[in-house]
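Here is the naming used below: chain letters follow the sequence lines, and residue numbers restart at 1 for every chain.
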Number of protein chains: 2
Amino acid sequence: MTGATTSGELRPHNLARLLRAAHDGAGRATRSELTRGLGLSRGAAAVLVADLAEARLAEERPAPQRARGRPTAILGPHPEGPLALAVDLREDAWTIATAEIGGDLTVREERPHPGNPPEIALGGLAAAIDRHLTELGSRVVGVGVALPGPIRDGRVVDIPHLSWRDVPAADILRADATPIFLGNDAALAGLAEARRGALRGVAVGLHFHVDFDLGGTLLVDGSPLRGARGTTGEVGHMPLGGSDLPCDCGAIGCWALQVGANALLRAMGIPVEPARGRAEALRILDGAAAGDPRCAAALDEVARAFGAGTAALVNALDPQRVTLSGLGVRLHEEAADTFQAAYETGLMAFRRDEPPPVLPAALGGDATLVGASELAFDAFLTPEGLTAWQAAR
Amino acid sequence: MTGATTSGELRPHNLARLLRAAHDGAGRATRSELTRGLGLSRGAAAVLVADLAEARLAEERPAPQRARGRPTAILGPHPEGPLALAVDLREDAWTIATAEIGGDLTVREERPHPGNPPEIALGGLAAAIDRHLTELGSRVVGVGVALPGPIRDGRVVDIPHLSWRDVPAADILRADATPIFLGNDAALAGLAEARRGALRGVAVGLHFHVDFDLGGTLLVDGSPLRGARGTTGEVGHMPLGGSDLPCDCGAIGCWALQVGANALLRAMGIPVEPARGRAEALRILDGAAAGDPRCAAALDEVARAFGAGTAALVNALDPQRVTLSGLGVRLHEEAADTFQAAYETGLMAFRRDEPPPVLPAALGGDATLVGASELAFDAFLTPEGLTAWQAAR
DNA sequence: CCTAATTTGCTCTCGCCGAGAACATAATTG
DNA sequence: CAATTATGTTCTCGGCGAGAGCAAATTAGG
């Protein structure tokens, strides 16, 4: 959003700002709060709200009264308003949900998939997406898809755990003219955290999602840092831990190898198989909690690598806060001292006075879906997006 | 610049856009190019140019004729227009220059300083800044200062090579009400490169400045990535090279230790002293070029660490292009094969098809001063900055 | 050297937009 | 029940850029 240049662009621009603010307010923001927050006059707000209602983009409903004075209304989703289709594709299953303005999710379908070949796995998902698009009609303004691997140019994905290479996921999944957006699952979980979780309002935040291995993103002003080719936040693929293991990604000694379920197995001397071992890893964590010294040693080793790498990234990127999701929460909590010691040792001296706090993510398992829906809405909640919607009604 | 919200904000907003575009055009952009580029109507442009001229912010001068049609004019600096004071403070000397709209530099003073204690070194500089501010009068809209160390909260600096800790540089240097902005020298060199050098027009660029050690920044849309505390781009302080040397910064194994003049000395077994050894390092490079095997081995060791670390950061940050300044240019050129091999080995497989090019910076020794002036102008070339200037005349 | 073509600058009118004021409305408070 | 308070509604007003029509200043071509 570069901002309006002509008086004619002012209205669509402010319309988008208002609807975006209502969306960010999670369907709880009142008209008077929004008006004040955006620096609008009450007159301008009245016109904009009327426009939104007429275009079926939003609707006002009564707000619980707080103080004295004439009551205001909550600006929330319209029953026939825009929807984002959010898709979370994991190694073994996928979920499809819808989100309305304000971010409320409704899960619509959830199914396992074979994983390979990618055409089959994605083909089934594409058919399901198509079905939901048909059912929902023109209300769907975009499809956001979370994928567990790096994405190039917004189209192509590699998923090492499934041996997917150069899979043109966007082309396979694209149903009709509905725009489709792909995002890395860890980046989208971070995005969700930045918009509706523990990184809300944080100018620079770092999020790590730990599952089989580790993914992460830097969130700048509420959006993941986008690289030149759209590959966000592969911070796990730096050799931060001095290991010399070869990584599926093709590089050597990647930090991602040292943090996650697979790293726990490796530390216990258990062979690592693709896309297995999540249950085994949980058992190791439980063992450590129960006092098993071998499990505790493995947890310690992983937590140390986790803390040290976090410190390195904090040194380089200077975030205000670090959040964790997936296995990361337990790794951090159940080896808190080890993590903290490695974290503080790795920090530059001047950062040790006030190290950025490391916190569990506020959103639960829905984070990835929330992020996927935000990705789709981001393209819609713009002057252009809303103008197109208005023109189509 | 969030963009205009009201019709009254439109004019200052477009005024700032126009002057910013003229500045970015390095005093070579013509009115018709600017008008087209900004999507303004010719009528609007006429009014804006008249406003700029009346406020003594810019001035039109005849442009060399190119095609047929009525000739247009170049929108360049006004002889009584705004100036930025650019200061480059190095370990042993400082330079003061002015920059006008368009970015043209005029060096005004250059002096050695004792280095310690910081109050004395900065005190002399502060007096000089004060003198120049008095001479130049109200034309100076901001002071940009480049410093060879990390900066916190825009005020405080640590310079490990000089043993400066927690030095409130902004407070010591602040003369009168003229705003002062501090920036890390490597970050400012990168900023200059992004605005007027080899990273111009690049959405995501990575810049490394190599001197005694290595500093770097990520340039996103022409600005250095700013962390939460304003500490930009300490990418050198990640343990990317598997070393276990303690770093002045307080962490261990920092990549910065493995790349730079000091790293060359260390690789030759020569003891490293603070802020010395630049000449010695150049001698090692010359020796390597002349065929001395010990020098060549040292260069190779450093180039390998340089290439490997660059690959790690490219993996994580996905830049479109990487630029080098300072010693980095020679390290890269004179051990090109070693660097390239380490670089490509460290990349994730999918990046090896089209690795981001690594290029020498286009700006010479002025880069830091240019960056400092851009820093000062960035705060001025805004609707608020220009409105204040207009109000003061 | 002259004319047509071309591009840009200037000026004026017009429609659009948000500010702001005045008023209406709907709640709380005591 | 009346005073108070905060918000929504409506209307006027000033400011802004678009766009059209015209003027100006150059080149291309004969």
Q.
By the 4.0 Å heavy-atom rule, please label B:Ser32 as base, sugar-phosphate, or nothing.
A. sugar-phosphate
Q: Sequence neighbours left out, what passes side-chain hydrogen bond (donor to acceptor under 3.5 Å, both in side chains) with B:Arg56? Give chain and number order.
A: B:Glu80
Q) Side chain of B:Ser41: nearest nucleotide among C:dG18, D:dG19, C:dA4? A) D:dG19
Q) Separation of B:Leu15 atom CG from D:dG17 atom C1', in whole Å? A) 14 Å
Q | Along DNA chain D (nearest heavy atom to each residue), the more 5'-positioned of B:Pro12 and A:Glu33 | A | A:Glu33
(Q) Using OP1 and OP2 only, check whether a side-chain N or O of B:Asn14 sits under 4.0 Å from D:dC16. (A) no
Q: Looking at every strand, decide which applies to B:Thr5 at a 4.0 Å heavy-atom threshold: base, sugar-phosphate, or nothing.
A: sugar-phosphate
Would you tabulate the nitrogen or oxygen pairs shorter than 3.5 Å linking the protein to nucleotides 10-14 of chain C?
| unit_1 | atom_1 | unit_2 | atom_2 | d |
| --- | --- | --- | --- | --- |
| C:dC10 | OP2 | B:Arg31 | NH2 | 2.2 |

Q.
Main chain of B:Ala198, side chain of B:Glu193: is a donor-acceptor contact present, judged purely on distance under 3.5 Å?
A. yes
Q. In whole angstroms, how far is the C1' atom of C:dT3 from the CZ atom of B:Arg68?
A. 11 Å
(Q) Among C:dT28, C:dC17, D:dA18, which nucleotide has an atom closest to any side-chain atom of A:Thr6? (A) D:dA18
Q: Take the protein atom CD of A:Glu9 and the nucleotide atom C1' of C:dG18, then report the distance between them rounded to whole Å.
A: 16 Å
Q | With A:Thr6 via side-chain hydrogen bond (donor to acceptor under 3.5 Å, both in side chains) - residues at least two apart | A | none
Q. Taking atom P of C:dC17 as reference, at what distance in whole Å does atom CZ of A:Arg17 sit?
A. 15 Å
Q | A:Gly69 or B:Gly69, whichever maps to the more 5' nucleotide of DNA chain C | A | B:Gly69
Q) B:Ile74 CD1 to C:dG9 P: how many Å, rounded? A) 12 Å
Q. Which comes earlier along DNA chain C counting from the 5' end, the contact point of B:Pro71 or that of A:Arg11, where each point is its nearest nucleotide?
A. B:Pro71
Q | Summary of salt bridge (Lys or Arg N to Asp or Glu O under 4.0 Å) pairs that have at least one residue in residues 25-45 of chain B, sequence neighbours excluded | A | B:Arg31-B:Glu60, B:Glu33-B:Arg66
Q) For the pair made of CZ in B:Arg36 and P in D:dG17, what is the distance, rounded to whole Å? A) 19 Å
Q) B:His13 has an atom NE2; how far is it from atom P of C:dG18, in whole Å? A) 15 Å
(Q) A:Asp378: which residues meet the salt bridge (Lys or Arg N to Asp or Glu O under 4.0 Å) condition with it, sequence neighbours left out? (A) A:Arg20, A:Arg195
Q: Please identify each residue that fulfils side-chain hydrogen bond (donor to acceptor under 3.5 Å, both in side chains) with B:Thr72, with sequence neighbours left out.
A: none
Q | Selection from D:dA25, C:dT8, C:dG18 that lies nearest to any side-chain heavy atom of B:Thr72 | A | C:dT8
Q) Where the side chain of B:Asn14 meets the backbone of A:Thr5, is there a donor-acceptor pair that is under 3.5 Å apart? A) yes
Q.
In whole Å, I'd like the distance from the CG atom of B:Leu48 to the C1' atom of C:dG9.
A. 14 Å
